[in-house]
Q: 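Below is one structure. I have some questions about it.
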Amino acid sequence: MRRGKSTTSLPAVDERHLRNRQMLFLLIAPSVAAAFFITLVPVLLLVRMSLSSVSRFGRIGDNVGLRNFARLMADPLLPDIALRTALWTGSVVGGTLLIALPTALVLNRRFFGRRLAQFLVLAPWAISVTSMAVVWRRALSDEAGLLNRLAMASGLIERPVIWLGSIPASFAFEILIAILVSVPFSTVILLAGLSSIPSEISDAARLDGANAGARLGHVTLPLLRPFICVVLIFNIAYVMNSFPIIWILTQGGPANGTDILVTYLYKLAFTLGRLDEAAALSILMLGALGVLTVLMLRMLERPAHG
Amino acid sequence: MVKRSLLSWGALLPLLALNLFPFAVVLDTIHRRGSGGDVATFWIGMWHRTEIGAALINSLGIAVSTALVSTLVALPAAYALSRWRFRGRRAASQALLGSQILAPIMLVLGLSQMVAWAGLTDTRLALIGLYSTFQIPFAIWMLRGYIDAIPVELEEAARIDGASRLQILGLIVLPLSLPAIAVTATFAFITAFNEFVLALTILRSPSNFTLPIRVNALTAGRYAVDWPDVMAAVMVASLPVMITFVWLQRYMLRGLRLSLGST
């Protein structure tokens with residue numbers, strides 16, 4: 001897939017080789033420095049805070065060893081929140097793929113108004129997640145609003161419902177919104193994958209007598225595999241760290257019933273002022289994410305067959 | 001073809017309905033506003049009541065700066081990753097993809113301490129710095145895909161004709177990468193324009209608020225929310241990105257496609 005193999009493989013005179021190295025360093029240094037700065041400094045600060053007692057105003061006090069981690073582990077809310085984060089990530093990422101894949105398959109074929117359809121599928125991309133969440137909050141809390149009128153007109157409910165009043169309904173809607181927000185980007189990546197599959201392969205399979213289902217299962221999906229992996233990586237990263245939807249709709253409430261790890265982290269740090277425990281939670285989450293990332297990159301490495 | 005078109009539209013219908021629902025809610029809420037005169041009075045009043053104008057200027061300033069800074073820093077690195085063979089190059093490519101998972105929210109506590117130490121709490125400058133840096137990996141990833149697609153033969157021909165490295169960069173690589181630069185900058189613009197968590201944490205004074213924070217402040221922790229105003233503010237907040245999107249959608253999609261091809 002890559003071109004451009006020869007710049008430095010030309011037989012290089014030592015001096016030019018050296019100049020080349022210096023140039024390489026100059027080109028890359030600013031990005032590398034910035035990346036190190038933005039990750040290493042906050043991580044070191046977090047490590048230090050997680051091992052100290054920190055006042056609610058951010059003053060770092062004595063070293064307390066692992067006390068913050070122990071307190072965190074004793075937090076009765078945490079197991080539920082961790083489980084809910086897994087549920088949230090699993091259902092949003094799974095739901096997104098389940099919707100984006102068929103959508104991309106449909107959009108990949110020619111039909112009347114395909115460009116308009118594609119534009120409408122991608123439309124939520126143009127609106128910030130914040131705005132989307134605010135609009136849905138209005139829809140879900142408005143007794144005389146569009147959602148209640150539509151639901152009543154279609155006979156789903158008899159009286160207006162304040163959807164954000166109940167935990168399961170709130171969380172279900174938050175999952176739905178997160179899926180809707182993630183579908184456009186995922187569809188685009190899958191479309192890119194589909195357009196990279198030469199139509200000859202599918203034609204050959206058809207000539208060999210494979211029906212549509214077999215072509216999808218044995219030709220299209222295996223070839224799409226690397227793109228599905230990219231969708232999974234981007235979405236898992238994005239969804240686990242997705243903050244605005246839940247924060248704006250319910251702030252993790254009622255009674256921490258819709259909190260996921262990142263909203264609880266934010267609450268610990270900036271609402272409850274338990275900065276040291278929040279730092280400890282950040283460290284634990286970073287560790288877990290690191291492991292997850294390595295696993296996912298491995299997945300991407302593995303070839304499609306074998 | 002007609003049958004297939006109907007089937008395709010039918011299959012997409014549920015998703016399209018869900019996508020259009022928020023737009024319908026916005027229009028419905030504004031339409032059902034109780035008192036408050038004609039359309040012009042409402043919009044002018046909304047503009048003053050919500051202070052959305054200042055937020056719009058803040059957001060535009062921060063987003064444009066982020067687009068410039070992140071693209072300028074990422075461009076040389078992307079070129080190097082595309083053209084040089086060096087040890088650790090593969091690892092660097094993986095790190096680019098892997099770093100996507102490191103979201104600001106994980107680090108937000110450390111970042112806010114860092115910003116406080118630098119004396120930049122409650123400044124727009126802090127946000128520009130943070131957004132630009134977080135955007136760099138994605139920008140490198142995007143630009144590299146594009147630069148990979150520029151044939152090296154062009155550069156080699158120029159070198160044989162006696163062009164210096166700088167000349168090659170300035171006269172061949174740069175002009176050919178302009179579309180890529182535009183697309184990368186657009187993505188950075190949109191990301192910065194819509195960012196929520198860092199802005200929520202770092203900005204304190206309402207005069208510094210960006211659009212997402214302003215919109216959030218209009219609803220969060222209030223007993224009586226003026227929803228028609230909020231919905232109109234949401235429209236204002238969405239307009240710049242919507243215009244960009246309608247205008248550049250084709251190029252953005254092509255850019256993503258190229259970058260994916262070289263992953």
Side-chain angles (χ1 to χ4, degrees), chain A residues 1-4 6-9 24 27-28 30-31 34-35 38-39 41-43 45-46 58 99 103 106 111-112 117 120-121 123-132 134-136 138-139 146 180 188-189 192 230 233-234 237 241 243-244 248 262 269 275 278-279 282 285-286 289 293 297, chain B residues 4-5 8 11-12 15-16 18-19 22 24-26 28-29 73-74 76-77 79-80 82-86 94 98 100-103 105-107 109-111 113-114 116 133-134 136 140 148 151-152 194 196-197 212 215-216 219 227 230 234 237-238 241-242 245 253 256-257 260-263:
Chain A
M1 252 186 253
R2 302 187 41 85
R3 294 207 247 165
S6 47
T7 314
T8 50
S9 59
L24 173 69
L27 292 174
I28 291 193
S31 294
I38 203 84
T39 48
V41 175
V43 168
L45 277 169
L46 281 172
I99 294 180
T103 306
V106 170
F111 63 91
F112 291 122
L120 292 176
V121 166
W125 211 4
I127 297 172
S128 76
V129 182
T130 316
S131 297
M132 199 66 108
V134 166
V135 173
W136 275 96
R138 163 66 176 167
L146 201 56
L180 290 176
V188 165
I189 293 188
V230 170
I233 291 182
F234 271 104
N241 297 316
F243 175 80
I248 287 173
V262 286
L275 291 168
S282 294
M285 286 164 70
L286 282 170
L289 258 187
T293 312
L297 284 175
Chain B
R4 187 201 271 180
S5 298
S8 300
L12 293 175
L15 178 63
L16 297 186
L18 282 169
N19 278 353
V25 171
V26 169
D28 177 61
T29 306
V73 176
Y79 180 73
S82 170
R83 291 297 193 251
W84 264 263
R85 316 286 110 176
F86 57 91
Q94 290 212 331
Q100 292 301 315
I101 212 164
L102 199 68
I105 177 91
M106 293 270 155
L107 300 172
L109 191 52
L111 290 170
Q113 290 267 316
M114 195 170 97
T133 323
F134 272 112
I136 286 172
I140 297 178
D148 278 349
V152 218
N194 290 338
F196 182 68
V197 183
V215 169
N216 180 50
T219 62
W227 282 107
V230 175
V234 163
S238 307
V241 174
M242 211 114 77
F245 189 70
L253 297 187
L256 272 178
R257 213 160 284 182
L260 282 167
S262 67
T263 300

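Note that these values count all heavy atoms, side chains included, but never hydrogens, waters or copies made by symmetry. Numbered from 1 within each chain, the chains take letters A, B, ... in sequence-line order.
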Q: Using every non-hydrogen atom in the two residues, find where V121(A) and N19(B) come nearest and quote the distance to one decimal.
A: O-ND2, 3.2 Å

Q: Relative to chain A, which segment of L18(B) carries a heavy atom at a distance below 4.5 Å: side chain, backbone, both, or neither?
A: both

Q: What part of L111(B) gets closer than 4.5 Å to chain A, counting heavy atoms only: side chain, backbone, both or neither?
A: both

Q: Which pair of heavy atoms, one from T133(B) and one from A34(A), lies closest together, and at what distance?
A: CG2-O, 3.3 Å

Q: Answer with side chain, backbone, both or neither: which region of A11(B) has an atom nearer than 4.5 Å to a non-hydrogen atom of chain A?
A: side chain

Q: Where on L27(A) is there a heavy atom nearer than 4.5 Å to chain B: the side chain, the backbone, both, or neither?
A: both

Q: Tell me, with the steps shown, if L12(B) and F111(A) meet side chain to side chain contact (heavy atoms under 4.5 Å, CB included).
A: CA-CA 12 Å; L12(B) 293 175; F111(A) 63 91; 4.1 Å; yes

Q: Name the option with the most non-hydrogen atom pairs under 4.5 Å to chain A; the candidates are T29(B), V26(B), V241(B).
A: T29(B)

Q: For chain B, which candidate among V129(A), V262(A), T39(A) shows the most heavy-atom pairs at distances under 4.5 Å?
A: V262(A)

Q: Can you confirm whether P124(A) sits close enough to M132(A) that some side-chain heavy atom of one is under 4.5 Å from a side-chain heavy atom of the other?
A: yes

Q: Quick one: does W227(B)'s side chain get under 4.5 Å of V134(A)'s, heavy atoms only?
A: yes

Q: Considering only heavy atoms, which portion of I136(B) lies under 4.5 Å from any heavy atom of chain A: side chain, backbone, both, or neither?
A: side chain

Q: Specify which of V43(A), V41(A), I127(A) makes the most heavy-atom pairs with chain B at under 4.5 Å.
A: I127(A)

Q: Answer with side chain, backbone, both or neither: which region of V188(A) has an atom nearer than 4.5 Å to a non-hydrogen atom of chain B?
A: side chain

Q: When heavy-atom pairs shorter than 4.5 Å are enumerated against chain B, which of P30(A), P244(A), S282(A) gives the highest number?
A: P244(A)

Q: V230(B), N216(B), V215(B), T219(B): which one forms the most heavy-atom pairs within less than 4.5 Å of chain A?
A: T219(B)

Q: With a 4.5 angstrom heavy-atom cut-off, could you sort out which part of L107(B) is near chain A: side chain, backbone, both or neither?
A: both

Q: Can you give me the closest heavy-atom contact between L45(A) and G110(B), atom names plus distance?
A: CD1-O, 3.5 Å

Q: With distance as the sole test, does N241(A) use its side chain to make a donor-acceptor pair with the main-chain N or O of M106(B) at under 3.5 Å?
A: no

Q: Can you tell me which portion of I99(A) sits under 4.5 Å from chain B's heavy atoms? Options are side chain, backbone, both or neither.
A: side chain

Q: Shortest non-hydrogen contact from I28(A) to A80(B)?
A: CG1-CB, 3.7 Å

Q: Between S131(A) and S128(A), does any side-chain donor sit less than 3.5 Å from a side-chain acceptor?
A: yes

